[in-house]
Amino acid sequence: MDASDVGNDLENILLTQEQLETRLGEIAAQIDRDYAGKDLLLVGVLKGAIMVMADLARHLHHPVEMDWMAVSSYGSGTKSSGVVRILKDLDTDLSGRNVLVVEDIIDSGLTLSWLLSNLRSRGPASVEIASMLRKPDAAKVDVDVRYLGFDIPNEFVVGYGLDYAEKYRNLPFVGTLAPHVYSS
Ligand code: IMP
Ligand code: MG
């Protein structure tokens, strides 16, 4: 799928496929170094993290296990409240494991900060975060992102796993939507 497949729904391409690819390669090299000789469990947060997880895992030389969690944050509209419900829990016991949470985007940071304390309560050896994108509001919550792709402006973005009303996840780049998509 490419920009031409979504008509005039996109306003702007924020990060190209090449930019995402290059940055993921750099992050993967960093992870390879940091976890050399250690076990590593990647925990992807469904559904947005699917693309980052798939591409990051393929860039790694380090052997990893992968598991998935699905969470839903109670809140009105597009803003999360920080009150989180687990829709799908991990299959893996975290005790003694090195966990790397893989996220698509950190906006308010509320979901992730809840997730971190939840995962830390399960007795892992370590829990770190890798996120492809981060918005400015994330700075308000004290969430330490160990591996970050890009800081982006405070705009609603789609593509590379990110959706608007479950659409646009399979665009290979990150872009902003044209206003008519929201208002229609
Ligand atoms: P928060 O950090 O708790 O506010 O929520 C982050 C989650 O909200 C992400 O994992 C996404 O699923 C979703 N989200 C936040 N910003 C965007 C966006 O610009 N486009 C698509 N989804 C977003
Ligand atoms: Mg997410």
Side-chain angles (χ1 to χ4, degrees), residues 1-2 14-73 84-107 109-135 138 141-152 157-163 168-174:
M1 192 189 207
D2 216 327
L14 211 61
L15 295 163
T16 65
Q17 193 169 358
E18 291 70 28
Q19 285 176 296
L20 296 170
E21 180 85 19
T22 303
R23 188 70 191 112
L24 270 185
E26 293 167 357
I27 291 173
Q30 225 181 319
I31 294 171
D32 276 331
R33 281 196 300 275
D34 293 352
Y35 289 90
K38 295 180 182 170
D39 94 281
L40 179 56
L41 173 69
L42 302 181
V43 169
V45 184
L46 294 170
K47 306 170 192 168
I50 46 169
M51 303 297 179
V52 194
M53 182 78 145
D55 287 343
L56 177 66
R58 279 181 289 190
H59 270 103
L60 289 171
H61 292 281
H62 199 78
V64 293
E65 286 177 38
M66 288 182 244
D67 203 347
W68 300 90
M69 255 181 111
V71 296
S72 122
S73 134
V84 175
R85 186 165 53 120
I86 296 178
L87 303 177
K88 187 233 169 278
D89 206 346
L90 298 171
D91 300 325
T92 316
D93 177 1
L94 294 191
S95 29
R97 304 299 305 269
N98 294 301
V99 177
L100 181 59
V101 178
V102 178
E103 262 286 22
D104 47 357
I105 189 167
I106 309 172
D107 185 2
L110 290 171
T111 309
L112 200 51
S113 111
W114 180 92
L115 193 63
L116 278 182
S117 52
N118 180 285
L119 296 179
R120 287 193 170 122
S121 74
R122 305 184 194 196
S126 67
V127 183
E128 299 290 347
I129 300 165
S131 181
M132 196 64 198
L133 307 172
R134 180 173 64 183
K135 290 193 192 176
V141 182
D142 193 22
V143 173
D144 189 24
V145 185
R146 182 82 177 271
Y147 308 98
L148 177 68
F150 299 93
D151 274 308
I152 61 166
V157 292
V158 296
Y160 203 65
L162 292 156
D163 73 303
Y168 310 105
R169 289 194 198 273
N170 61 328
L171 284 169
F173 52 79
V174 174

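Every value quoted in this text rests on a predicted model; they were computed, and no experiment measured them. Reckoned from all heavy atoms, side chains included, excluding hydrogens, waters and symmetry mates.
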Checklist entry - In Å, rounded to the nearest 0.5 Å, how long is the span from CG of L148 to CD1 of I27? => result 6.5 Å
Checklist entry - Quick one: CG on D144 to CG on L112, what's the gap to the nearest 0.5 Å? => result 10.5 Å
Checklist outcome for this item: Value for CZ (R169) from CE (M1), rounded to nearest 0.5 Å, stands at 12.5 Å
Checklist entry - Which pair of non-hydrogen atoms, one from A125 and one from G96, has the smallest distance, and what is that distance? => result CB-O, 3.4 Å
Item to check | Residues which pass salt bridge (Lys or Arg N to Asp or Glu O under 4.0 Å) with D91, listed by chain and number, not counting sequence neighbours | outcome: K88
Checklist entry - Do you know the tightest heavy-atom contact between G48 and D104? => result CA-OD2, 3.1 Å
Checklist entry - Who pairs with N118 by side chain to side chain donor-acceptor pair (under 3.5 Å), at least two apart in sequence or on another chain? => result R122
Checklist outcome for this item: Result for side-chain contact (heavy atoms from CB on, under 4.5 Å) between L100 and one of I31, V127, I129 points to I31
Checklist entry - What is the minimum heavy-atom distance between V52 and E103, and which atoms define it? => result CG2-O, 4.1 Å
Checklist entry - Under a 4.5 Å cut-off applied to non-hydrogen side-chain atoms, are L115 and V43 in contact? => result no
Checklist entry - Taking C-beta and beyond as the side chain, do I105 and R134 meet within less than 4.5 Å on heavy atoms? => result no
Item to check | Shortest non-hydrogen contact between S72 and L87, atoms and distance | outcome: CB-CD1, 3.7 Å
Checklist entry - Going through the checks in order, is the side-chain contact (heavy atoms from CB on, under 4.5 Å) test met by L119 and L90? => result CA-CA 10 Å; L119 296 179; L90 298 171; 3.9 Å; yes
Item to check | N98 (side chain) donor-acceptor with D39 (main chain) under 3.5 angstrom | outcome: yes
Next on the checklist: Using a 3.5 Å distance criterion without hydrogens, assess whether the side chain of D67 forms a donor-acceptor pair with backbone atoms of T92.
Outcome noted: yes
Item to check | Non-neighbouring partners of E21 that pass salt bridge (Lys or Arg N to Asp or Glu O under 4.0 Å), sequence neighbours left out | outcome: none
Checklist entry - Is there a side-chain contact between M132 and L24 (heavy atoms, below 4.5 Å)? => result yes
Checklist entry - Step by step, would you call L41 with L94 a side-chain contact (heavy atoms from CB on, under 4.5 Å)? => result CA-CA 9 Å; L41 173 69; L94 294 191; 3.5 Å; yes
Checklist entry - Taking R58 for the side chain and A54 for the main chain, is one N or O donor matched with an acceptor at less than 3.5 Å? => result yes
Checklist entry - Would L162 and L133 count as a side-chain contact (heavy atoms from CB on, under 4.5 Å) if you check the C-alpha gap in whole Å, the side-chain angles of each, and the deciding distance to 0.1 Å? => result CA-CA 10 Å; L162 292 156; L133 307 172; 3.6 Å; yes
Checklist entry - Rounded to the nearest 0.5 Å, how far apart are CZ of F150 and CD of Q19? => result 5.5 Å
Item to check | Heavy-atom side-chain proximity of V99 to V101 below 4.5 angstrom | outcome: yes
Checklist entry - Under a 4.5 Å cut-off applied to non-hydrogen side-chain atoms, are D2 and F173 in contact? => result yes
Item to check | Pairing residues for R146 by the salt bridge (Lys or Arg N to Asp or Glu O under 4.0 Å) criterion, not counting sequence neighbours | outcome: D34, E128
Checklist entry - Are the side chains of V174 and I152 in touch, meaning some heavy atoms are under 4.5 Å apart? => result no
Checklist entry - Looking at CD1 of I106 and NZ of K135, how far apart are the two atoms once the value is rounded to the nearest 0.5 Å? => result 12.0 Å
Next on the checklist: Quick check: do Y160 and D55 have side-chain heavy atoms less than 4.5 Å from each other?
Outcome noted: yes
Next on the checklist: If the condition is side chain to side chain donor-acceptor pair (under 3.5 Å), which residues does Q17 pass it with, not counting sequence neighbours?
Outcome noted: none
Next on the checklist: Using modelled atom types and a 3.5 Å cut-off, is there a donor and acceptor pairing between side-chain atoms of H62 and backbone atoms of A28?
Outcome noted: no
Checklist entry - Can you name the salt bridge (Lys or Arg N to Asp or Glu O under 4.0 Å) partners of D32, sequence neighbours left out? => result none
